[in-house]
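Sequence positions, counted from 1, serve as the residue numbers for this chain.
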Amino acid sequence: MICLLLPAAHAQQSQRLTQSWEFLREDLGSVWEAVRPVAEGSPESVPLWEKVSLPHCFNARDGVDPDVNYYEGPGWYRTVLELKNPYPQGRTLLHFEGAGQKTDVYIFTTRVGHHTGGYDEWTVDITDAVQQFLQSADAKRYNGKVPLEIRCSNARDVEMIPSDMSDFNVYGGLYRYLNLVYTPALSFEQLHIQAQVDAQGKTGAVQLQAAFRNPLHTSQATLDINVLDPQQKIVQHWTQPLTLQDSIQVLQPFTIKKPLLWSPAQPQLYTVQARLKSSGGEAVWSGHFGFRNFEFVTHGPFMLNGKRLLLQGTHRHEDGAGVAAALTDDMIRREMQLIKDMGANFIRLGHYQQSPLVLQLCDSLGILVWEEIPWCRGGLGGEVYKAQARRMLTNMITQHYNHPAVILWGLGNENDWPGDFPEFDKQKIHAFMSELNTLAHTLDSTRKTTIRRCDFCKDIVDVYSPSIWAGWYRGRYTEYREETLKAIASVPHFFHAEWGADSHQGRHAEYPEEAVKKVATGKGADERTGDFALTGGSARASKDGDWSETYACNLIDWHLKEQETIPQLTGSAYWIFKDFSTPLRPENPVPYVNQKGVVGRDLTPKEAYYVFQSYWTTQPMAHIYGHGWPIRWGKEGEEKMIWVYSNCPEAELFVNGKSYGVKKRNSQDFPAAGLRWQLPLHKGSYQVKVVARNGKQTVADEITFNYQSDPWSKPAQLLLEKTVAGNDTVTVKVKLADAQKMICLDAKDYISFSIAGSGTLIDDQGTAGGSRRVQLVNGQAQISIRLNKGQSVVGATVQGVPDAFINL
């Protein structure tokens with residue numbers, strides 16, 4: 001059995017195995033049950049398999065099912081391969097971009113590979129097993145094709161990272177792409193590109209190191225190298241003979257004068273094209289690299305290519321509505337482009353290695369990267385546990401070494417959080433963290449190491465991030481600057497990873513600060529174990545606040561305006577870009593969803609997205625707060641604020657066609673950088689428009705809303721209505737009203753949806769409009785239904801009021 005952990009070669013022939021798969025979400029007695037002859041209706045025909053396509057995740061739906069724990073256990077996949085390797089004595093490989101969490105690979109009944117770790121890439125050579133199968137008596141019934149079976153398991157195991165105490169689902173399945181790769185007998189395993197440049201950008205120095213896959217021990221080959229600049233012009237070329245005594249060879253270094261530098265503003269990428277010619281044929285490899293010089297100044301800012309760059313970042317989990325971890329390339333591209341369009345120049349990939357496409361897009365879009373292994377919470381296990389951490393760190397650095405976007409290797413997250421083992425020994429954790437730090441620097445001397453929230457290990461790594469959650473888990477957001485300055489002074493190199501607030505998409509507040517008045521100040525803003533819980537402990541916004549988009553926008557607005565005026569700040573990363581599923585938060589407004597995202601789990605932007613744009617982008621933009629706020633409320637004639645997020649120097653507001661004047665933008669004038677207007681509102685409808693100007697450029701935005709001044713009494717009834725959504729679907733909207741049918745606009749009750757008939761709820765999406773149990777937003781909720789060309793009845797239930805039904 002050969003199981004290689006480095007990425008597959010960029011071969012001349014590679015195809016993704018996405019179709020013609022069957023899946024079983026349980027275990028088998030043995031692999032024989034997946035391949036034994038089956039007659040229709042026979043005992044061997046069960047258990048029943050379902051047809052799926054890849055990528056595929058066990059937990060596409062149940063990760064956010066409000067009624068069950070998500071599935072943790074084994075599952076099986078099977079297909080048949082039609083193999084046509086064009087190379088004489090060539091190798092046939094299966095390259096996994098990631099599979100969760102323990103994976104066994106079989107050709108017929110022969111196990112050909114095993115891997116533990118759900119987030120790194122790995123490769124299995126199936127050549128010999130295929131040949132043996134094709135020569136066996138069992139091959140006849142497959143008509144020249146080859147059966148492939150794969151067992152994945154995400155069963156709980158304390159001797160595996162990440163911990164099941166982690167605040168994210170540990171998913172199972174073939175949730176990243178699986179590739180069938182043909183190579184010559186001699187091919188590339190990897191080609192490392194070390195590119196360095198001085199801060200002035202005068203000279204770029206490049207060192208190449210090649211690793212080869214050479215199972216037949218070929219001794220002689222010729223290597224041809226082309227190096228292309230960002231305009232695809234050849235700037236280096238050479239051919240050299242190779243005598244292959246070792247699997248790794250250091251190639252000749254070269255320099256490039258005045259190279260084009262990589263930066264978020266101009267992500268200039270060079271290309272290496274390599275051809276390896278031998279008696280077995282020709283193998284090819286192609287990859288990118290970039291020149292950039294960076295420095296974390298001691299107790300000071302971050303420098304890129306000799307100039308200060310404030311790192312403006314966010315975080316990403318590999319998770320999406322309806323698919324969980326099984327994100328397609330198109331989904332990933334859309335998400336990463338949204339992150340770039342928000343103005344981010346930095347991302348922390350939490351809390352594990354992510355799809356290779358994510359790293360490629362960070363390179364091409366210009367987004368600097370902190371990438372980390374999933375040693376996350378729980379404590380420290382035994383030798384099996386440690387071996388996986390070492391292996392995943394080695395794989396991460398080896399596989400993503402060439403990406404110029406990567407500047408930080410993360411060794412762990414919240415390793416001060418015990419719980420998986422009877423013993424929690426800080427000295428042992430410190431010693432193992434030190435070992436990983438040494439390993440990371442040995443594998444890569446050009447980048448820095450980092451961890452977040454483990455104070456007793458902060459002396460080890462190059463860059464440290466404490467836990468500062470001002471205004472959410474501890475204190476108020478107005479304490480952010482003071483807490484950050486103390487943290488900057490406490491370590492040589494500081495970065496602020498993780499800050500923010502949960503917001504229930506569609507919930508808005510007239511008085512968002514009211515609930516946090518009871519929160520104590522002056523006692524620090526560091527999150528402590530248990531602060532995330534919705535019960536117990538001291539008053540905090542996370543437990544006692546309204547979870548409105550309004551409060552989240554205020555918190556973000558304050559942080560961003562403060563970050564602009566801290567000259568020694570390296571930067572920060574907001575937690576998180578997109579809502580994601582977690583087993584630890586069943587009582588959240590959307591059950592089992594961490595709702596701190598700037599966008600929903602389906603990538604629908606929240607209002608917060610535009611706060612970031614107003615600070616971080618240069619393309620003129622303007623956004624009136626409240627696009628999803630159809631009804632505002634208050635006393636008749638009460639003054640209300642209308643505010644605009646914009647990066648333009650000035651903006652003019654129009655209400656029902658009347659100008660309310662021009663405001664000048666000043667980032668330090670909180671809230672909304674001074675772009676706010678107070679005006680009395682009266683019962684009725686309002687059309688609001690803003691025109692923002694940046695020189696001769698103008699941008700505009702509009703919203704409409706109704707103002708309700710009539711009070712409402714206690715909830716008494718549910719009002720249901722349907723709208724046709726198209727494609728055999730409808731949306732049912734629900735309003736919680738009093739006895740006079742006045743909507744209870746401050747209601748936050750949980751509502752549950754049910755259905756009888758031909759239709760199906762489009763639920764388990766992990767979104768405010770895609771869960772069958774969810775908290776109301778301003779007294780309202782909705783869910784969509786797939787009619788399946790039949791009739792149905794949808795029910796809605798809120799405790800304390802009569803159930804309501806609607807015929808579809």
Side-chain angles (χ1 to χ4, degrees), residues 63 69-70 72 100-101 116-119 154-171 315-319 325 348-354 370-382 384-390 392-393 396 410-433 435-436 450-458 460-461 464-469 472-474 497-500 526-534 537 542 573 575-576 580-586 588 592-594 596:
N69 294 318
Y70 79 107
E72 293 179 278
Q101 295 288 317
T116 297
Y119 312 104
N154 65 334
R156 299 173 77 93
D157 181 354
V158 294
E159 289 295 340
M160 181 179 70
I161 60 173
S163 167
D164 280 292
M165 290 182 61
S166 299
D167 196 6
F168 56 91
N169 291 89
V170 182
Y171 287 130
H315 296 74
R316 178 182 189 271
H317 263 300
E318 208 138 78
D319 184 61
R348 177 179 175 223
L349 302 179
H351 294 290
Y352 42 79
Q353 304 99 300
Q354 297 191 5
W370 163 343
E371 188 177 29
E372 66 192 29
I373 62 169
W375 183 21
C376 183
R377 294 191 181 178
L380 178 64
V384 171
Y385 184 106
K386 294 177 183 178
Q388 185 191 348
R390 296 183 195 104
M392 294 190 83
L393 180 61
M396 178 177 71
L411 309 181
N413 175 69
E414 297 179 355
N415 301 103
D416 60 351
W417 200 308
D420 278 342
F421 307 97
E423 177 188 72
F424 184 76
D425 190 317
K426 293 182 179 180
Q427 289 185 331
K428 290 181 180 178
I429 292 172
H430 187 278
F432 187 62
M433 188 73 74
E435 180 189 334
L436 292 182
T450 185
I451 57 171
R452 181 195 165 273
R453 214 198 94 163
C454 185
D455 279 354
F456 61 83
C457 287
K458 68 181 181 181
I460 298 170
V461 291
Y464 181 66
S465 174
S467 186
I468 304 174
W469 280 90
W472 193 244
Y473 290 123
R474 289 277 164 168
E498 298 195 26
W499 58 276
D526 57 312
E527 178 202 10
R528 298 162 208 177
T529 301
D531 280 353
F532 77 93
L534 299 182
S542 60
W575 183 268
I576 188 172
F580 65 96
S581 69
T582 166
L584 303 188
R585 299 173 188 256
N588 276 7
Y592 294 109
V593 175
N594 187 314
K596 296 182 182 69

How long is the gap from [atom1] on [X] to [atom2] on [Y], to the nearest 0.5 Å?
X: Asp416; Y: Phe456; atom1: CG; atom2: CZ; answer: 6.0 Å
X: His351; Y: Ile373; atom1: NE2; atom2: CD1; answer: 13.0 Å
X: Gln354; Y: Arg316; atom1: CD; atom2: CZ; answer: 5.0 Å
X: Met165; Y: Asp420; atom1: CE; atom2: CG; answer: 6.0 Å
X: Gln101; Y: Tyr171; atom1: CD; atom2: OH; answer: 11.0 Å
X: Arg452; Y: Asn413; atom1: CZ; atom2: CG; answer: 5.5 Å

Does a side-chain heavy-atom distance below 4.5 Å link [X] with [Y]?
X: Tyr385; Y: Phe421; answer: yes
X: Val593; Y: Arg585; answer: no
X: Met392; Y: Tyr352; answer: no
X: Trp375; Y: Met433; answer: yes
X: Leu411; Y: Ile451; answer: yes
X: Trp469; Y: Arg474; answer: no

Exercise: identify the closest heavy-atom pair between [X] and [Y]:
X: Ser542; Y: Tyr473; answer: OG-CD2, 3.5 Å
X: Trp575; Y: Lys596; answer: O-CB, 3.3 Å
X: Glu72; Y: Asp164; answer: OE2-OD1, 2.6 Å
X: Val384; Y: Glu159; answer: CG1-O, 3.9 Å
X: Tyr119; Y: Pro374; answer: CD1-CG, 3.9 Å
X: Ser465; Y: Ala497; answer: OG-N, 2.9 Å

Self-check item: Electrostatic pair Lys428:Glu423 at N-O distance under 4.0 angstrom
Solution: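 The answer is yes: the pair qualifies as a salt bridge.
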
Practice problem: For Asp455, look at atom CG and say whether over 12 heavy atoms of other residues, nucleotides or ligands are found less than 6.0 Å away. | Solution: yes

Exercise. Answer yes or no: does atom NZ of Lys426 have more than 12 heavy-atom neighbours from other residues, nucleotides or ligands under 6.0 Å?
Key: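 Counting other residues, nucleotides and ligands, NZ of Lys426 stays at 12 neighbours or fewer.
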
Quiz prompt | Test log, rule side-chain contact (heavy atoms from CB on, under 4.5 Å), inputs Leu349 and Glu372 | solution = CA-CA 7 Å; Leu349 302 179; Glu372 66 192 29; over 6 Å; no

Quiz item: Parallel, tilted or perpendicular: which fits the ring planes of Phe168 and His317, with parallel below 30° and perpendicular above 60°?
Solution: tilted

Practice problem: May I ask you to decide if Ser467's main-chain N or O and Glu498's side chain share a donor-acceptor pair within less than 3.5 Å? | Solution: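 Here the side-chain-to-backbone pair does not exist.
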
Quiz item: Would a distance-only check, ignoring hydrogens and angles, find a side-chain to backbone donor-acceptor pair under 3.5 Å from Asn594 to Phe580?
Solution: no

Practice problem: Compute both the distance and the angle, then confirm whether Arg348 meets the cation-pi test with Trp370: under 6.0 Å from the six-membered ring centre, within 45 degrees of the axis. | Solution: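 Judged by the rule, Arg348 and Trp370 form a cation-pi pair.
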
Exercise. Please say which of Asn415, Ile460, Leu380 ends up in a side chain to side chain contact (heavy atoms under 4.5 Å, CB included) with His430.
Key: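 Option passing the side chain to side chain contact (heavy atoms under 4.5 Å, CB included) with His430: Ile460.
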
Exercise. Please determine, by modelled atom types, if Ser581 and Asn169 share a side-chain donor-acceptor pair under 3.5 angstrom.
Key: yes

Practice problem: Would you please name every residue forming a side-chain hydrogen bond (donor to acceptor under 3.5 Å, both in side chains) with Ser166, sequence neighbours left out? | Solution: none

Quiz item: Between Tyr592 and Tyr70, does the ring centroid distance fall short of 6.0 Å?
Solution: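 No - the distance between ring centres of Tyr592 and Tyr70 does not fall below the 6.0 Å cut-off.
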
